[in-house]
Every structure is written in structure tokens, then in C-alpha cells.
Amino acid sequence: NEIDKACNLYEKVAKNGNEEALQKLIELAKSDNATALQILKDLPQSFQLSIGNIYLAKNEIDKAFEWFEKAVKQGNKEALYKIECLAEKGNMSARQELRNMAKNNIPIAQFLYGNVLLSENDFTNACYWYEKAIANRFEEARTMLQIAQRKQEIEYQIEFEVYYQNKFSKYLENKNYNYNSINNYNSKAKKFFVFLKKIGANLSDVGTLELSEIQDDEDNEEENIYI
């Protein structure tokens, strides 16, 4: 029929690099045209990435993953980066694919899975997979490891300060301080963080740090130190 003839024509043009013809074949395949479906399956492996990109542009994530996965299995590294993109968009199939490859000790997959975890602010596990990739001589992971470590430090610092600010507020309440004056409160908060720095406190001290250890003697406190 006429549609099948059109499919055969699109196939010839698509094989010459015409993406519009490839899109036409995909549209016909989506309408369950058997000829178009067969043509897509029979196209050279080099077209798998292009087909995935077309589906991705149409925001058909599951179909895009299907074709990128085919390309990856044929050794197409660019398709692996596309799968990373899908995983960061929340596609669980893509995420699982990267995770499985990372666990199989494939360095580039360890790096890309680290990127996915970093995008989710899972800094600890991102660092873990970057370190794995580096151990497997994937040096591109080294810069990302440094970024993840720095972000982890910032997050840790915020958690640290918020936790102890809350603890210090309770300490002030227990001491019956009158801190209607914000300047007075800030001064005492500053001295508290000086104290924490002195003893090298960190989150592992939660539950062991006794706030009563804070000295009321202000003469010995260092100035201008804030963790």
C-alpha cells in the first residue's frame, strides 16, 4: 500500500542521514505500522542513538531509554551519557542501568552514576563512586570528586551550625539569659562557636557534648573566630 511505499522511501532517505525521514518512520512506527517498525529494527546500529535522541526531543523518556540502551549494548559511549541524562530526569530504568554497570566495575558508568547521585545531593555515595572510577583510572572523575567533597563540606557545616545554634538556644533558656537584645545574643553565640572550635567538636559529638562545659568567663575567649 501507499504507506508501505512511503516507508521504503523514508528508509532510503534516512540512511543518507536525513533526520526528517527518520522522524517520519518513527511516527509511522508509533501508529503500529509493521513496515516502519521493521525498518527501524533493521537500521544499522549507528541509527540507534539518533532514534533515541528523537524520542528524547519529544520527551518520550521510556522510548528514548529503550533506544539508548540498545546503542550502549553496541558499545556507543555517547548513548551512555544520554542514559545519565535520563536518570537525572528521574527515569528509574536509566538509573538502574547505570547502577548495575557501575557495580560491574565499568569506570565510565561509575563516574556517570556518581553524577546522578551528585544531582540528587547524595554527596557521600557520589564520592564513593567517583573514588571507584578514579581507582579504575577514569581521571575525569577526579574533578567531580573534588566538587562533591566541597559540597559535602558545605552541607556538613550548615548541619553543624544549625544543630548547635539550636542547642545553644536551649542552653541560654536553661541559664535564664535575657536575650531581648539581639546583639547580646549574637555575642554569646559567637563565643559558643569559639568554644566548639577549641574542642574540635563535630557532629560525631552529638549526645556527648555537655553545654555546661561552656565557661562564663569571657576574659579568656578568643575574638573573631567563627566555625
Side-chain angles (χ1 to χ4, degrees), residues 11 14-15 17 19 22-23 25-27 29-30 32 36-159 202-204:
E11 178 186 12
K15 285 182 176 179
E19 190 168 297
L22 193 57
Q23 290 188 38
L25 284 170
I26 288 173
E27 290 300 322
K30 285 169 62 178
D32 293 326
L37 285 167
Q38 191 60 48
I39 288 172
L40 289 179
K41 289 179 181 178
D42 293 341
L43 281 173
Q45 295 170 1
S46 58
F47 284 87
Q48 293 169 342
L49 180 65
S50 298
I51 295 170
N53 283 334
I54 290 171
Y55 278 116
L56 181 60
K58 295 176 180 293
N59 206 33
E60 296 183 38
I61 304 300
D62 290 339
K63 292 297 292 184
F65 170 71
E66 178 185 327
W67 284 95
F68 290 146
E69 185 181 30
K70 290 177 188 291
V72 166
K73 288 179 178 178
Q74 301 301 326
N76 190 312
K77 288 186 178 180
E78 186 179 349
L80 197 53
Y81 281 89
K82 295 291 185 176
I83 286 179
E84 176 205 356
C85 175
L86 297 184
E88 291 180 359
K89 287 177 178 287
N91 183 272
M92 295 307 297
S93 296
R95 194 180 194 280
Q96 189 62 43
E97 176 75 5
L98 278 181
R99 185 173 184 273
N100 289 341
M101 294 178 71
K103 290 176 72 175
N104 285 332
N105 212 33
I106 299 173
I108 187 172
Q110 292 170 334
F111 168 67
L112 295 177
Y113 188 53
N115 288 348
V116 173
L117 293 167
L118 182 61
S119 73
E120 297 170 352
N121 293 330
D122 186 352
F123 305 124
T124 300
N125 284 314
C127 289
Y128 171 83
W129 286 109
Y130 288 143
E131 287 169 353
K132 286 279 191 182
I134 292 168
N136 285 322
R137 300 183 180 180
F138 195 86
E139 286 300 313
E140 192 176 343
R142 195 172 297 279
T143 299
M144 294 306 298
L145 174 62
Q146 293 171 350
I147 292 172
Q149 288 173 332
R150 180 55 184 152
K151 288 188 174 184
Q152 188 175 38
E153 289 172 4
I154 293 170
E155 183 182 65
Y156 184 87
Q157 186 80 0
I158 292 170
E159 289 178 0
N202 57 47
L203 286 179
S204 65

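These numbers were taken from a predicted model, which means no experiment stands behind them. Below, each value reflects all heavy atoms present in this structure, side chains not excepted, and no hydrogens, waters or symmetry copies.
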Worksheet item: Is there a donor-acceptor pair closer than 3.5 Å between any side-chain N or O of Tyr130 and the backbone N or O of Asn115?
Response: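 Side chain of Tyr130 to backbone of Asn115, a donor-acceptor pair under 3.5 Å: yes, one is there.
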Can you give each donor-acceptor pair under 3.5 Å made by side-chain atoms of residues 97-104, sequence neighbours left out, with the distance rounded to 0.1 Å?
unit_1 : atom_1 : unit_2 : atom_2 : d
Asn100 : OD1    : Gln96  : NE2    : 2.9
Asn100 : ND2    : Gln96  : O      : 3.3
Asn104 : ND2    : Asn100 : O      : 3.2

Would you say that [X] contacts [Y] through its side chain, given a criterion of any heavy-atom pair below 4.5 Å between the two side chains?
X: Asn76; Y: Gln48; value: no
X: Lys70; Y: Lys73; value: no
X: Tyr81; Y: Ile108; value: yes

Spacing of [atom1] belonging to [X] relative to [atom2] belonging to [Y], to within rounding of 0.5 Å:
X: Gln38; Y: Leu25; atom1: CD; atom2: CG; result: 12.0 Å
X: Thr143; Y: Phe111; atom1: OG1; atom2: CZ; result: 8.5 Å
X: Leu112; Y: Cys85; atom1: CG; atom2: SG; result: 11.0 Å
X: Lys89; Y: Ile61; atom1: NZ; atom2: CD1; result: 5.5 Å
X: Asn91; Y: Phe68; atom1: CG; atom2: CZ; result: 11.0 Å
X: Leu145; Y: Ile134; atom1: CG; atom2: CD1; result: 4.5 Å

Practice prompt. Go through the side-chain N and O atoms of Thr124 and Gln152 and say whether any donor and acceptor fall under 3.5 Å apart.
Written response: yes
Discussion item. For Gln110 and Asn136, which I'm curious about, is there any donor-acceptor pair between the side chains at under 3.5 Å?
Written reply: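 Their side chains do contain a donor-acceptor pair, which is all the 3.5 Å distance test asks for.
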Practice prompt. With sequence neighbours excluded, give me every salt bridge (charged side-chain N to carboxylate O under 4.0 Å, His left out) pair touching residues 124-143.
Written response: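 For residues 124-143: Glu139-Arg142.
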Who are the side chain to side chain donor-acceptor pair (under 3.5 Å) partners of [X], not counting sequence neighbours?
X: Asp122; answer: Asn125
X: Gln74; answer: Gln45
X: Gln23; answer: none

With a 3.5 Å cut-off and sequence neighbours excluded, list the donor-acceptor pairs that the side chains of residues 51-59 form with protein atoms.
unit_1 : atom_1 : unit_2 : atom_2 : d
Asn53  : OD1    : Lys82  : NZ     : 3.3
Asn53  : ND2    : Leu49  : O      : 3.4
Lys58  : NZ     : Glu27  : OE2    : 3.0

Practice prompt. Check whether more than 12 heavy atoms from other residues, nucleotides or ligands sit under 6.0 Å from atom NZ of Lys30, and answer yes or no.
Written response: yes
Might you point out which heavy atoms bring [X] and [Y] nearest each other, and give the distance in Å?
X: Ala29; Y: Leu40; result: CB-CD1, 3.6 Å
X: Ala71; Y: Ala79; result: CB-CB, 3.6 Å
X: Ala126; Y: Gly114; result: CB-O, 3.6 Å

Worksheet item: Going through the checks in order, is the salt bridge (charged side-chain N to carboxylate O under 4.0 Å, His left out) test met by Arg95 and Glu120?
Response: CA-CA 12 Å; Arg95 194 180 194 280; Glu120 297 170 352; 2.8 Å; yes
Worksheet item: Would you call Glu11 and Lys15 a salt bridge, taking side-chain N to carboxylate O under 4.0 Å as the test?
Response: yes
